[in-house]
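Below you'll find the structure, written out as structure tokens, and then a few comments.
Lettering of chains follows the sequences in order, A, B, ..., and the numbering in each one begins at 1. When reading the values below, keep in mind they use all heavy atoms of this one structure, side chains included, and skip hydrogens, waters and symmetry mates. The model shown is predicted, which means the values in this text are computed figures rather than measured ones.
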Amino acid sequence: MIKVDEKNIAWSSDMTIATLLEQMEDVEFCSVIRLNGKLVSSPKFKEVKIPDNSNIQLLPLVAGG
Amino acid sequence: MGQVSLSEVKSTSYERSEVKKGYTDKSLHINVGSNDIRIHSIEEKIKEKFIGGKGYDLWLLWNSVKGTTKWNDPENAICISSGPLGGTPGYPGGGKSIVTTISPLTCAPIDSNVGGYFGPYKKFSGFDVIEINGKAKEDIVILIDGIEQEIKIFEAKDLPKDSYELSNELTTYFDEKKPVNVSVVTSGPGAEHTNFGCLNFTWFDAGRKIVRYKQAGRGGVGTVFADKKIKAVVARYGAVSMKSNNPADLDGLKVVTKSHAKEINELDPKQNRMALVGTTHLVPIMNDHDCLPVNNFKFGSHPGGKLIGEEVYEHIFDKGFDGCWRGCTVACAHGVKDFTPMTGPYKGKKVFVDGPEYETVAGCGSNLGIFDAYTILELNFYCDAYGVDTISVGTSIAFIMECFENKIITIEHTGGLDLSFGNRKNALELVHQMAEGNGFGVIVGKGIRQMKDFFAKEYGADRAFLQDIGMESKGLEFSEYMTKESLAQQGGYGLSLKGAQHDEAWLIFLDMVHNFMPTFENKAEALHWFPMFRTWFSLCGLCKLPWNDIVPEDNKNTSEPAKVEKHINWYAQFFSTVTGRKVSPEDLIPMSEAVYNFQRIFNLKMGLGTREHDTLPYRSMGPVTIEEYESRASRYDTQLKEKYTIDISNMETKDKVALLRQKREEQYELLKDAVYKRRGWTQKGIPTVETVKRLGIDFPEVLEVLKQNNVV
């Protein structure tokens, strides 16, 4: 089980951030997340695997500047 | 301590104007050449049209200078204002000052938005805006004492040279018992010897019991200050509360203030954690998206990027409240306690470093090939103490390092300094030289535009290559974002009024990552709306960070998430409750549009402000060198093949570089056409008479400038 924005989601061993987001709605603006406190950006979503019991926060649009 | 020796040369008592609905309706004018001090009333029509803040600054500056005025002429004025909403305790970002002057770098009006308590203290002392012109013969300090209701000019001798110590000394000198009553504006020795001097604006950190400062960094405002021989301007005022602005609707103001502050308190820990890491969260994000400038904007990422981002600085920053305005819940103004520099006059001494923010990390770090968090801290500390802008310093040294790499300059020119990318020691040495006014640092301190001319003329360098790699626009060095893959952000830099600063429009993610604006018309709309809305913060005395760096949880479900509509609605309420002028969210853009167009015409008055001045160095649009192209060959090859349907199978890299350049430069010109049309400007980039009439800025002197440029 992992937590995404404080909601429980079932975990699978081959789960990446990209596959997680594919099963979620309203995430088209998500280009950065925090995985267990560390920032991960969209170019790495396909390669970063999610460990079981992870805590994930989806960050809003990056405003910058 | 205890070095301050001030000799009073002028003193004027005044009756402090009561603040009504965010305004004092008074301006203070000081000529430091004649020591003349005057207080004027601000006309109702000026208040209605220019709102306050940068609008007031620009109006006073316009009336102070001629089209032929140079930055170091006595009539050039430094104007500092807050704005009607400035000085609202507890409203996030509610205490900014805006500084405006004719820039030594751009020869046009520059504006810089800065934290610290000076703007609110100055207003509560009785003045919406101050204008300082003339040139003093000796070093002076100006005091605006709102408690005693006196304005004083002192001749100053033997003051500490640097801003770090001078700010401390003057805070103690003017109110030793209640240092929190004092805010000081200073520059430093670097401002005397470079064209990119900054101003430090202080507040007393009551928790740590030290003086802190933020910088009005861009465009050389500190250089003008130093040229007038002003060592400091000090504002002194007592207790501030939500009643200080005498708002039209105090209860309503409390409600909207509480709503915005509470939301930030709740959501910042879940979003960017700015109260913990400031803007350093952007370092890894930019690095991962190939937008972090590396080696003079050649590349957008580097493995060392992870060594200089939030993961490191979170552990270095001193814990405690770090708002640069009272009660600001964004509280992003972090610093480092007990840092010990390895070089310079503070070598071996413990100091408090205010910063670094993202721009300084990228400018004085990755863009110089430096990936050491402590070297960046030391560059940050000395740039502030010497009064030079970390962005212009970083971007200028990056340019020099690439010139050194290309043997345009050698150790014979640099006085023996090896200025290869990554040379930490010599980057610091250049900053010390800027402060001392000697060595190669003096040349670097002239800024990139002047260096390009100098290297071409004196060293026989290839002018075209220097133009391609010298990252300035309108004379202002680029701030620290890679724009090669975002045409909209290229417009954000090239079509901005003051030069290559991102505060008008930061569109990289919306354009490059989310593809929100696929057409020229989409991009033009963004390059209209965002600059106008962002201008509004500087009219009112606010910081823009609370608007869109922390957003409501349901923001993504709104019709235009990038605009953060809920917050715009709060800002309209904020304005209405303070000023009593009932506005809706739709009314905010026209407020800014009038001032924005006025500033564009001000550029025109100074002989600039037309299409040919909205140019960019090619480095900001695409790969200048074969090395750059080949580092991202797959990306560029794909674009040539798929976007432009070109057969590149038998092409050499140099030919692909040339072809891509031709295409990208064409795109930028088409973008200009679309943006000018959307803004109501001619294809030469000049506001039409119809536009200025619609905005109510059709003053005779404005129409005369348009007429001189054949716009009738």
Side-chain angles (χ1 to χ4, degrees), chain A, chain B residues 267 269-274 277 279-291 300-301 306 309-311 314 358-359 479-481 489 492 501-510 512-516 530 534 544-557 561-564:
Chain A
M1 192 71 73
I2 60 171
K3 277 201 171 183
V4 181
D5 284 347
E6 299 172 8
K7 289 178 190 157
N8 289 328
I9 290 186
W11 176 79
S12 62
S13 59
D14 58 348
M15 187 181 246
T16 64
I17 296 166
T19 59
L20 168 69
L21 294 178
E22 279 168 15
Q23 60 178 284
M24 297 182 70
E25 293 180 352
D26 293 334
V27 292
E28 64 269 31
F29 304 131
C30 182
S31 58
V32 184
I33 63 123
R34 278 191 193 278
L35 173 61
N36 299 321
K38 304 226 183 259
L39 291 167
V40 182
S41 301
S42 54
K44 296 187 175 174
F45 281 178
K46 285 183 182 168
E47 67 190 66
V48 174
K49 288 203 167 185
I50 300 173
D52 196 8
N53 300 312
S54 287
N55 189 2
I56 293 172
Q57 289 165 320
L58 309 183
L59 269 60
L61 281 170
V62 176
Chain B
L267 297 184
K270 298 179 185 176
Q271 296 181 10
N272 295 325
R273 303 188 311 143
M274 297 177 84
V277 301
T279 54
T280 61
H281 67 285
L282 285 170
V283 178
I285 295 173
M286 293 300 115
N287 196 39
D288 288 345
H289 284 94
D290 211 25
C291 291
S301 64
K306 64 179 181 291
E310 65 161 33
E311 287 186 41
E314 182 177 358
Y358 167 81
E359 296 292 334
S479 62
E480 309 301 334
Y481 297 99
Q489 189 56 45
Q501 171 71 359
H502 60 277
D503 64 340
E504 281 191 14
W506 194 91
L507 303 172
I508 296 178
F509 265 58
L510 297 179
M512 186 183 92
V513 178
H514 298 296
N515 196 27
F516 274 11
F530 284 94
R534 283 169 170 252
K544 87 93 204 167
L545 294 181
W547 161 49
N548 67 351
D549 280 83
I550 301 103
V551 300
E553 286 184 303
D554 60 356
N555 185 58
K556 63 188 176 188
N557 301 321
K563 293 184 177 176
V564 198

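Pairing each heavy atom of A:Arg34 with each of B:His281, the nearest pair is NH2-CB, 4.5 Å. A:Ser41 approaches B:Pro284 most closely through the heavy-atom pair OG-O, 4.3 Å. Shown here for B:Glu310 and A:Gly37, the closest heavy-atom pair between the two residues is OE2-O, 4.3 Å. Heavy-atom minimum distance, A:Pro43 versus B:His289: CD-NE2, 3.4 Å. Closest non-hydrogen pair, A:Gln57 versus B:Lys270, comes out as NE2-CA, 3.7 Å. Summarising the geometry of A:Phe29 relative to B:Lys556, their closest heavy-atom pair is CE1-O, 3.3 Å, with the distance given to 0.1 Å.
When the candidates B:Val551, B:Ile285, B:Leu267, B:Asn548 are compared by the number of heavy-atom contacts under 4.5 Å with chain A, B:Ile285 comes out ahead. Residue with the most contacts toward chain A among B:Glu480, B:Glu311, B:Gln501, B:Glu553: B:Glu311 (heavy-atom pairs, distance under 4.5 Å).
Note that CE of B:Met512 is 9.0 Å distant from OG of A:Ser31, once rounded to the nearest 0.5 Å. Distance check, rounded to the nearest 0.5 Å: CG of B:Asn515 to CD of A:Glu28 gives 13.0 Å. Interatomic distance, CZ of B:Arg273 versus CG of A:Leu59, reported as 9.5 Å (0.5 Å rounding).
Heavy atoms closer than 4.5 Å to chain B are found in the side chain of A:Glu6, but not in its backbone. Heavy atoms closer than 4.5 Å to chain A are found in the side chain of B:Phe516, but not in its backbone. B:Asn272 touches chain A through backbone and side chain together, each having a heavy atom under 4.5 Å away. For B:Leu510, the part lying under 4.5 angstrom from a heavy atom of chain A is the side chain only.
Summarising the local packing, NZ of A:Lys44 is surrounded by 12 or fewer heavy atoms from other residues, nucleotides or ligands at distances under 6.0 Å.
With a 4.5 Å cut-off on side-chain heavy atoms, B:Asn555 and A:Pro60 do not count as touching.
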